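Treat the numbers as computed from the prediction; the structure is a model and nothing was measured.
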Amino acid sequence: MATIGVNLLWLVPGVVGGSEEYTLRILRALDQLDDDELWLRLYGQRSLFEAHPDLATRFEVEVCPPVGPSKLRRVAAENSWLAAVSRRDDLLHHAGGVVPFVRSQVSIVTIHDLQPLEMPEHFSAVKHRWLATVIPRSVRAARLVICPSQFTAHRISEVLGTRPDKLRIVRHGHEECEPGVLDPAEDARLRQRYGRYLLLPAITYRHKRHADLVVALDRLRDRFDDLSVVITGRPDTEASAIDALADRLCLTDRVHQLGRVSAVT
C-alpha cells in the first residue's frame, strides 16, 4: 500500500478562500474511492481538524505543534517538523503551492494560480519577493504539478517554462454535484429570493474583481432588468467598497453579499 502525505499546514480555515474548498473536496472525493492500495496521511494545524472534524474520521491525521497565526513559524514547521514526520510517506503532496526547502520525500505540488508573479500589486513587498522566489523553485523541485484549470497550467508552462508533461489538471469537484454546478436546493432558494442571478463565489479581495461585475450589471441594466448579482464568500477588503459602488449606481436591490455559504460548489 502506498502512503501519500498531504501538507495542509498552510490551510487556515476561513482565511485561504477557494483553495480550502478545492482541497477539502478533492480529499473527500478520494475517500469515496475506497482504494485499498492508497493510504492518505494529513498534516495540519489543530484549527483545521477542529473546523473539519470529518477529516480525522476519513484519514490518518498528524497535528502540527502550535504555530499560531505566524507564517514564519509555519514555514519553519514545514522545514523541520514536517520534514521529519513525513519520512514514513512514499510521496508528499504540498497542496498549498509551496514545496519546503527541507524535504524528505518525493514531492508534488498544487499551484492554484500565478497571481503572486503576475499581479504583485495585491501583495506586500516582502510577501511578493518571498513568493516570487519560492513558487518557481517549488515548481522545479516537484515531480508533478497539479493545477485546477487549463488556464493555470498554460500560464505555468508559459511563464516558468515548465514542461507540459509535468503538469496535471485536477478540476474543482463536489461529492454530490457536478463540477461548477450549484446545489439544486440552494439554487432554488436563491431563485425564489432573487429571481435570475449571476453568482460569484469568492472572498471579496480586489483581484477577484467583484466591482467589474457590478459595473457590468449597471451597463446592461436595460437589457437584463430582472438580473441580480449574488456574491458568496467571506467578506474581506473590498466588501464595503462593493456596497458603496452598488449604492452609487442605484443597484442596492440587485447586488447581494451573502457571506460564506456552505452549499455553493
Side-chain angles (χ1 to χ4, degrees), residues 1-11 16-44 48 55 58-62 64 74-75 77-118 130-175 179-180:
M1 177 183 294
T3 299
I4 310 300
V6 185
N7 173 15
L8 301 175
L9 269 66
W10 56 276
L11 205 167
V16 297
S19 56
E20 176 180 356
E21 299 286 344
Y22 170 85
T23 303
L24 295 183
R25 286 173 179 167
I26 291 295
L27 289 172
R28 288 163 179 155
L30 286 171
D31 178 57
Q32 290 184 349
L33 292 178
D34 194 26
D35 189 343
D36 293 335
E37 300 301 317
L38 184 65
W39 182 261
L40 263 65
R41 181 180 292 127
L42 311 185
Y43 303 100
L48 169 64
L55 294 178
R58 295 171 185 253
F59 308 103
E60 179 183 349
V61 303
E62 292 279 355
C64 175
R74 188 261 297 169
V75 170
E78 286 183 324
N79 285 276
S80 55
W81 175 81
L82 180 63
V85 297
S86 64
R87 288 194 179 98
R88 301 169 292 171
D89 303 329
D90 297 298
L91 180 72
L92 189 56
H93 180 189
H94 301 280
V98 174
V99 176
F101 289 93
V102 180
R103 52 191 185 276
S104 56
Q105 295 297 344
V106 173
S107 299
I108 63 175
V109 66
T110 293
I111 303 290
H112 292 277
D113 56 56
L114 291 184
Q115 183 195 156
L117 305 184
E118 300 189 298
W130 165 253
L131 293 175
T133 299
V134 298
I135 290 177
R137 189 201 61 80
S138 296
V139 170
R140 292 192 299 269
R143 180 73 58 85
L144 200 66
V145 179
I146 307 297
C147 313
S149 68
Q150 182 62 57
F151 175 81
T152 297
H154 175 74
R155 293 304 296 158
I156 291 174
S157 180
E158 190 171 64
V159 174
L160 301 179
T162 308
R163 304 189 319 273
D165 62 350
K166 191 177 180 178
L167 302 168
R168 294 291 186 277
I169 297 171
V170 179
R171 302 187 186 280
H172 297 80
H174 189 274
E175 294 170 286

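For the atom pair CG (L91) and CD1 (I108), the distance works out to 5.0 Å, reported to the nearest 0.5 Å. Rounded to the nearest 0.5 angstrom, I169 CD1 and H154 NE2 are separated by 11.5 Å. Here the straight-line distance linking atom CG of L38 with atom CG of L33 works out to 8.0 Å at 0.5 Å rounding. From R87, atom CZ reaches atom CZ of R103 across 13.5 Å, with rounding to the nearest 0.5 Å. Rounding to the nearest 0.5 Å places CD of E20 at 7.5 Å from CG of L48.
Side-chain atoms of S157 never come within 3.5 Å of backbone atoms of R163 as a donor-acceptor pair (strictly under, hydrogens ignored). Between the side chain of N79 and the backbone N or O of V102 there is at least one donor-acceptor pair closer than 3.5 Å.
The shortest non-hydrogen separation linking L55 to V61 is O-CG1, 3.9 Å. Nearest heavy atom pair, residue I111 against residue T152, reads O-CG2, 3.5 Å. Here the shortest heavy-atom pairing between A153 and C147 reads CA-SG, 3.8 Å. Between H112 and S19 the shortest heavy-atom distance is NE2-CB, 3.6 Å.
Judged purely by distance below 3.5 Å, without hydrogens or angles, the side chains of H93 and T110 pair a donor atom with an acceptor atom.
A search for side-chain contact (heavy atoms from CB on, under 4.5 Å) contacts involving D31 returns R58, F59, not counting sequence neighbours. Here R88 pairs with E62 under the salt bridge (charged side-chain N to carboxylate O under 4.0 Å, His left out) rule; sequence neighbours left out. Residues satisfying the salt bridge (charged side-chain N to carboxylate O under 4.0 Å, His left out) test with D90, not counting sequence neighbours, are none. Scored by the salt bridge (charged side-chain N to carboxylate O under 4.0 Å, His left out) test, E158 finds R155 as partners (sequence neighbours excluded).
In this structure, the side chains of D113 and F151 stay at 4.5 Å or more apart for every pair of heavy atoms. Using a 4.5 Å heavy-atom cutoff, the side chains of V75 and V98 are not in contact. Inter-residue side-chain proximity for L82 and L92 is flagged as met; some heavy-atom pair is nearer than 4.5 Å. Within the 4.5 Å cutoff, the side chain of R41 has heavy atoms near those of the D89 side chain.
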Enumerate, atom names and distances included, each donor-acceptor pair closer than 3.5 Å involving a side-chain atom of residues 135-142, sequence neighbours excluded.
unit_1, atom_1, unit_2, atom_2, d
R137, NH2, V99, O, 2.1
S138, OG, V99, N, 2.8
S138, OG, V134, O, 2.6

Got a list of side-chain donor-acceptor pairs under 3.5 Å for residues 4-11, not counting sequence neighbours?
unit_1, atom_1, unit_2, atom_2, d
N7, OD1, L9, N, 3.0
N7, ND2, E78, OE2, 2.9
N7, ND2, H94, ND1, 3.1
W10, NE1, N7, O, 2.9

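With a 6.0 Å radius and a threshold of 12 heavy atoms from other residues, nucleotides or ligands, R143 has its CZ atom at or below the threshold. The environment of CH2 in W39 is sparse: at most 12 heavy-atom neighbours from other residues, nucleotides or ligands sit within 6.0 Å.
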Q. Should L117 and L160 be marked as a side chain to side chain contact (heavy atoms under 4.5 Å, CB included) after you check the CA-CA gap, both sets of side-chain angles, and the distance that decides it?
A. CA-CA 10 Å; L117 305 184; L160 301 179; 3.9 Å; yes
